[in-house]
Amino acid sequence: MAQNHWLVKSEPAKYSFDDLVRDGKTVWDGVRNNQAAIYLRSMKLGDQSLYYHSQEGLAVVGIAKVVREAFPDPTDASGRFVAVEFAPVRPLPRPVTLTEMKATPALAGMAMLRQFRLSVSPITPDEWRTILGLGGEG
DNA sequence: GCCAACGTTGGC
DNA sequence: GCCAACGTTGGC
């Protein structure tokens, strides 16, 4: 089965892409939203994810990949939620801002734009290519 | 700092 | 099981 693509949000003040590069990998825990948890559960080893900075920056700044598939979130006592582990792949040559994404017709259907509160969302192959193109790749 | 969106909780 | 109140997220 083909790899899936994702987008994850993080507040850079709490955990930025640079922090991920420094650490080599990180446990993506603390997700307390059912829809986001469903996406976490469907992530496969090697799936790549856009790394988006919320609150500050408001841009996709890099690419991360799944290095451990879903397991019970160690910070969740209820046992309902899961975590995964991400490792950095590479930063984008140029950040892609939320403004740019909103202004790009090909991205109008993006899950993240339509439901901005989702902290984990799927990215279609077309959206993936489009965003990497905007970021100076491809 | 404000407020819209939206998920969750709890009273009934 | 409905729905109002409340809490959280995140753009602006």
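Atom NZ in Lys9(A) sits roughly 11 Å away from atom P in dC6(B) (whole-Å rounding). The nearest whole Å value for the distance from the NE2 atom in His53(A) to the P atom in dG11(C) is 12 Å. One interatomic measurement links the two molecules: CD of Gln55(A) to C1' of dG1(B), which rounds to 12 Å at whole-angstrom precision.
A donor-acceptor pair shorter than 3.5 Å can be found between the side chains of Thr75(A) and Arg32(A).
What you find for Pro91(A) and Glu137(A) is that their closest heavy atoms are O-OE2, 4.2 Å. Nearest heavy-atom pair, Glu69(A) versus Met43(A), reported as atom, atom and distance to 0.1 Å: CG-O, 3.7 Å.
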Identify each atom pair where a protein N or O and an N or O of nucleotides 7-10 of chain B are less than 3.5 Å apart, giving names and distance.
{"unit_1": "dG7(B)", "atom_1": "OP1", "unit_2": "Gln115(A)", "atom_2": "NE2", "d": "2.8"}

For ring-ring contact (aromatic ring centres under 6.0 Å, His included), just list the numbers for Trp28(A) and Tyr51(A), CA-CA rounded to whole Å, side-chain angles, deciding distance to a tenth of an Å, and then say yes or no.
CA-CA 12 Å; Trp28(A) 208 259; Tyr51(A) 198 103; 5.6 Å; yes
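Evaluation of the salt bridge (Lys or Arg N to Asp or Glu O under 4.0 Å) rule for Arg80(A) yields no partner, not counting sequence neighbours.
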